[in-house]
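Step one of this worksheet: look at the structure below.
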Amino acid sequence: MASASANTGGRIGQKQTKILMDILVYVVLSVVGIIFIMPFAWMVANSFKDIRGIYQYPPTFIPEVWRFENYTEAWTLTHFDLGFLNSAIVAAAVVLGQLFTASLAGYSFARLRYPGRDKIFLLYISLMMVPFTVLLIPLYVQMRAFGWVSTLQAVIIPFLFTPWGTFMMRQFMVTIPRELEDAARIDGCGFFRTYWLIILPLTKPALATLAIFTFVNTWNSFQWPLIVLGKPKVKTLPLLLASFQNQSGMRTPWHLIMAAATFVVIPVLIAFIVGQKYYVRGIVTTGIKGGG
């Protein structure tokens with residue numbers, strides 16, 4: 001009887017400890033979530049204030065006067081319609097290009113067998129160790145030789161290939177059973193048809209993860225577009241947002257800048273919300289298996 005009571009007490013103690021640990025984890029995650037969301041909430045709140053509300057001291061979170069016209073004024077003042085179009089074209093082209101090239105290269109490194117495959121893969125992914133700042137000058141010289149300076153090609157073509165995306169797709173594809181490929185070949189499918197009809201549909205989580213990361217990085221890209229895009233008609237949203245601050249001769253119009261920044265953030269939020277289910281699956285399953 002004493003032994004049974006001790007076991008029961010031990011189970012109750014373990015259950016209470018687990019409950020306390022779960023509560024602690026939720027509290028910590030809630031605090032971290034609030035810390036991360038506060039800058040975005042502050043930006044949105046300031047986007048509805050007037051200039052006096054921005055410089056008010058002590059600052060207030062809720063606007064005293066709601067100015068919804070800040071959004072229309074910010075949209076028309078800096079030609080954000082053209083910037084949105086340029087950013088959308090660049091982001092869509094880079095995302096689609098990387099999805100195709102990374103998935104095709106990942107298929108080659110994960111599913112095909114040929115001499116030197118692993119050495120070529122290691123050499124290719126070693127490019128991830130090269131800082132992009134090292135490539136700025138030679139890349140600009142190359143773009144000038146092609147006549148692509150101040151064109152959208154200069155911010156699209158160099159980024160259609162990604163060692164990181166190839167690595168991620170390869171790591172995901174090695175987890176797919178080879179029996180599916182064997183069945184496809186029995187049915188007469190070649191390498192490319194097997195990739196397109198069998199492998200690619202099974203890699204939706206990895207594709208969604210790569211698409212979200214690529215879209216966010218391309219949409220927010222600033223350094224390279226600042227160097228290579230000089231003409232106003234080809235500038236992307238981050239460049240227009242950065243130049244917004246210099247358009248006022250007096251105090252910086254932070255209320256309009258916050259409204260414009262909200263415009264820039266919204267597509268990123270939409271992309272993540274739409275693809276978050278596949279994104280989480282891709283993060284969990286990518287890299288489970290290391291060889292092919």
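Sequence positions, counted from 1, serve as the residue numbers for this chain. Just so it is clear, the model here is predicted, and its values are computed rather than measured.
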Not counting sequence neighbours, which residues clear salt bridge (charged side-chain N to carboxylate O under 4.0 Å, His left out) with Arg111? List them please. Glu181

Residue set satisfying ring pair (Phe, Tyr, Trp, His ring centres under 6.0 Å) with Trp66, at least two apart, ordered chain then number -> Phe48

Which residues pass the side-chain hydrogen bond (donor to acceptor under 3.5 Å, both in side chains) test with Thr262, sequence neighbours left out? none

Ring pair (Phe, Tyr, Trp, His ring centres under 6.0 Å) filter on Tyr26, not counting sequence neighbours, yields none

Salt bridge (charged side-chain N to carboxylate O under 4.0 Å, His left out) filter on Asp118, not counting sequence neighbours, yields none

Phe36: which other cluster members, linking ILVMFWY side chains closer than 4.5 Å, directly or transitively? Leu24, Val28, Val32

Contacts of Phe40 meeting ring pair (Phe, Tyr, Trp, His ring centres under 6.0 Å) (sequence neighbours excluded), chain-then-number -> none

Please write out which residues are connected to Ile186 in a hydrophobic cluster, directly or through intermediates, given that two of Ile, Leu, Val, Met, Phe, Trp, Tyr count as joined at side-chain heavy-atom separations below 4.5 angstrom. none

The criterion is salt bridge (charged side-chain N to carboxylate O under 4.0 Å, His left out); which residues satisfy it with Asp81, sequence neighbours excluded? none

Who clusters with Leu82? Use side-chain heavy atoms, under 4.5 angstrom, across I, L, V, M, F, W and Y, and order the result by chain and number. none

Salt bridge (charged side-chain N to carboxylate O under 4.0 Å, His left out): which pairs involve residues 20-40, sequence neighbours left out? Lys18-Asp22

With Tyr195, which residues qualify under ring pair (Phe, Tyr, Trp, His ring centres under 6.0 Å), at least two apart? Tyr107, Phe192

